[in-house]
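So you know, we letter chains A, B, ... as the sequences are listed, proteins then strands, and number each from 1.
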Amino acid sequence: MSLLKKIYGWIDVRIGAGELVEKELTGYLLPRNINVWYSMGSILLVIFSLQVVTGIMLLVYYVPDADKAFHSVTHIMNNVPFGWLIRLCHAVGSNMMVLILLFHMLSVLFMGSYKSPREMNWLSGFILFNLVLAVSLTGYLLPWSQLSFWATTVATNSVGAIPYVGEFLVEFLRGGKLVGPATLGRFFAMHVLIIPLTIAAVVGAHLFFLQRTGVSTPPFGLTDSRNRWQEDNYRYESHPGGIPFFPNYALQDMTSIAVYFAFFLGVVFFAPYIFFPADAFVPANPFQTPDHIKPEWYFLANYQTLKIFPSEFLGLAVQGAAMTFLALLPFIDRGVEKHPLKRPLFMVCAIGGILLYLALMIWGHYS
Amino acid sequence: MNMGLFLRRGFPISITTLCLVLFSLPVAAATQNQTVCLQCHGSQTGRGGAVVKPWQESIHAENGTSCQDCHGGDPKDAVNAMNPARGFLGVPKEIEIPSFCGRCHIGIRDDYLQSAHGKALGHGGPTCVTCHGSHDVKKATLDIINEKNCSRCHTYARAAELKAAMEQTEKRIVVIEERLKVYKGEGVDTEARGKALFSARNRYHRLFHEVNTAKVKAESAQIITELDKIQRDFGNIESERQKRKITGVAAVSGSLLAALLFYLLRKTYD
């Protein structure tokens, strides 16, 4: 018996490792018609882990002080060995996290995987989406550049349009009347600790819900693609005769992750500046407003929506209504059909919504 | 504020709000403070209003140097804007112009006063504004030395010789400036190189008022040496970038190869 087998045997008799592997890996069966979109969640876990690792590395040299933050980031980019790579991975990674999260949500939408009994999976995912946007927004301020300073100034200003509590919220977010050192302090705390810990907790909940409900069956390639779940008692959706998670789907996950890395590293090494306008490398100057400030691409639709309505409050209200609708979708859409081509109303709304989002994004970019 | 209440109510509200509102960056975000000088002169017709547009298009406006920085006065108080008690200086007399401009351009003023141009001040010689303009001041380049400008007072031949001696330096400075601008927009720390260029450019600009051809040639050679050093630095940056790109090709290729291997391995289990 080899040494490894001896070690494995020693562990197995104590904690039942073999049983665990059988239950969670080799014996964990997935639908035979599972597709590549199911690996978006695994990619997101990898991205989040990479963000945590690169974020911790940046923390070694980053100084969360309004007088030193910009210079510390410049130092990281220019003098710290591989600092440029770590910072670019972190900045590009945050954009990628939003992009892949959108793909993940879209795949869940189109495959009807949000339907009962997966309301909590959807809700926890929706909360994660908002948390990822919040972690991106708070991280945006940290380099203390012209772009980050003014983008945060206007972003926090918008909150003032909320009736009654608006003014309080603006001051609460900024830590004062204006964006300043206090804002940097609280955004830093939110970005490096509060939001990441919350994300980790919600990811845990999301995976727990997945583990308890089982993986949903894709509606494609089936004669009957209706949701067969009934609300009489708890049922785990098992897939007898399905493919094992390990090694089969784990290898699919690895393939998707490797393809993602090729794309991600391509951007990091060859086109990182698509995410960095020139103002991102000019130190914050509260007395000089840059000519053109545009938010990150994933906020462009929100930005344009606020602009097209006569009042900011109306713009906020419309966005709030749209987000609430999206959050409550599993409770609104109670139909049993999961195949997108058999859900014409859903298809019209979903494609219309996507086109509207893209149009607003492009309009926002060129406005 | 009660922390428990904050966590139960305030925190979710703030997060949701943060995510819902995010950005509303008004188009007119870039509103420079409109001084009372510009408000008043901008609405005037004739000589009073004629200064506004040339200033707006000048290097002074570009660098944030406004009316009060040269003419004094109070730019926030319309009633006392031109009150001498608030430091208003008005328009300088011809002989005062070099001192007027020289409050900021100290070295240039000294060079000018030592030059043939400066020595002729008050005796028909040119002042700063004769060549550079008053409100329409542009970034000083060699183009200022041209037959049309110089022939207003004397023949162009000697000026042309001086210009030829400085043209090579000028071209190098422009190229380096452009490159520095690009690097700055890409997060490269340009502070030290910017300072070196600033120093070289200042030395070069001080030659503008020198009429000794031999001195101009010798000084230009020294400036070129300094510029060479900056350009060697650029070479190092480019070389480093080349290495990064090679690493990038390896990283992307490695990822794609790994993807292919995982895919093929998965196929063996189908």
Side-chain angles (χ1 to χ4, degrees), chain A residues 74-75 77-79 84-85 130-131 133-134 137 150-151 154-155 157-159 161-162 165 169 172-173 243 247-248 251-252 254-256 258-259 261-262 265-266 268-270 273 276-278 280-282 288-295 299-300 302-303 306-307 312 315-316 319-320 323 367, chain B residues 1 6 9-33 64 181-192 237 240-241 244-270:
Chain A
T74 306
H75 178 64
M77 286 287 280
N78 290 273
N79 306 320
W84 62 274
L85 182 61
N130 284 282
L131 286 170
L133 291 181
L137 181 71
W150 288 102
V154 187
N157 223 18
S158 306
V159 186
I162 299 172
V165 292
L169 282 176
F172 169 70
L173 286 170
I243 60 165
N248 297 47
L251 283 167
Q252 174 60 60
M254 294 305 288
T255 309
S256 302
V259 169
F261 264 106
L265 292 171
V268 166
F269 280 98
F270 298 103
Y273 300 111
F276 292 100
F281 298 111
V282 178
Q288 190 181 23
T289 317
D291 285 341
H292 304 287
I293 314 171
K294 293 280 175 179
F299 290 143
L300 279 172
N302 308 70
Y303 159 73
L306 286 175
K307 276 169 65 178
E312 275 196 0
L316 287 180
Q319 290 184 47
M323 293 290 267
S367 64
Chain B
M1 185 181 180
F6 158 72
R9 295 183 183 169
F11 185 64
I13 289 171
S14 68
I15 285 288
T16 311
T17 310
L18 199 67
C19 297
L20 290 181
V21 293
L22 304 170
F23 280 84
S24 79
L25 311 177
V27 179
T31 48
Q32 277 190 338
N33 287 335
K181 200 174 163 190
V182 172
Y183 282 150
K184 195 173 180 184
E186 293 173 349
V188 176
D189 187 1
T190 54
E191 198 178 342
I237 293 171
E240 176 64 27
R241 287 186 167 193
R244 288 181 190 179
K245 281 191 176 154
I246 293 166
T247 312
V249 169
V252 172
S253 308
S255 300
L256 287 174
L257 187 66
L260 181 68
L261 289 175
F262 286 131
Y263 175 76
L264 292 175
L265 196 56
R266 195 217 149 157
K267 283 279 163 199
T268 63
Y269 287 98
D270 282 349

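Proximity to chain A (any heavy atom under 4.5 Å) is shown, for B:V182, by neither the backbone nor the side chain. Using a 4.5 Å cut-off between heavy atoms, A:I243 contacts chain B through its side chain alone, with no backbone atom that close. Looking at A:Y273, the atoms closer than 4.5 Å to chain B (heavy atoms on both sides) all sit in the side chain, from C-beta outward.
A side-chain donor-acceptor contact under 3.5 Å links A:N78 to the backbone of B:D189.
Minimum heavy-atom separation, A:L265 to B:A251: CD1-CB, 3.8 Å.
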Working for side chain to side chain contact (heavy atoms under 4.5 Å, CB included), residues A:F281 and B:V188: CA-CA 8 Å; A:F281 298 111; B:V188 176; over 6 Å; no
Distance-only check: which donor-acceptor pairs under 3.5 Å involve side-chain atoms of residues 256-269 of chain B, not counting sequence neighbours?
| unit_1 | atom_1 | unit_2 | atom_2 | d |
| --- | --- | --- | --- | --- |
| B:R266 | NH1 | A:Q252 | OE1 | 2.8 |
| B:T268 | OG1 | B:L265 | O | 2.4 |

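No other option in B:G185, B:G187, B:G254 has as many heavy-atom pairs under 4.5 Å with chain A as B:G187. Counting heavy-atom pairs under 4.5 Å between each of A:V282, A:N248, A:L85, A:T74 and chain B puts A:N248 at the top.
A:N79 pairs by the side chain to side chain donor-acceptor pair (under 3.5 Å) definition with A:H75, not counting sequence neighbours.
With rounding to the nearest 0.5 angstrom, the CH2 atom of A:W84 is 13.0 Å from the CD atom of B:E186. Atom CZ of A:F269 and atom NZ of B:K245 lie 12.0 Å apart (nearest 0.5 Å).
The neighbour count for B:E240 CD, taken as heavy atoms of other residues, nucleotides or ligands under 6.0 Å away, is above 12.
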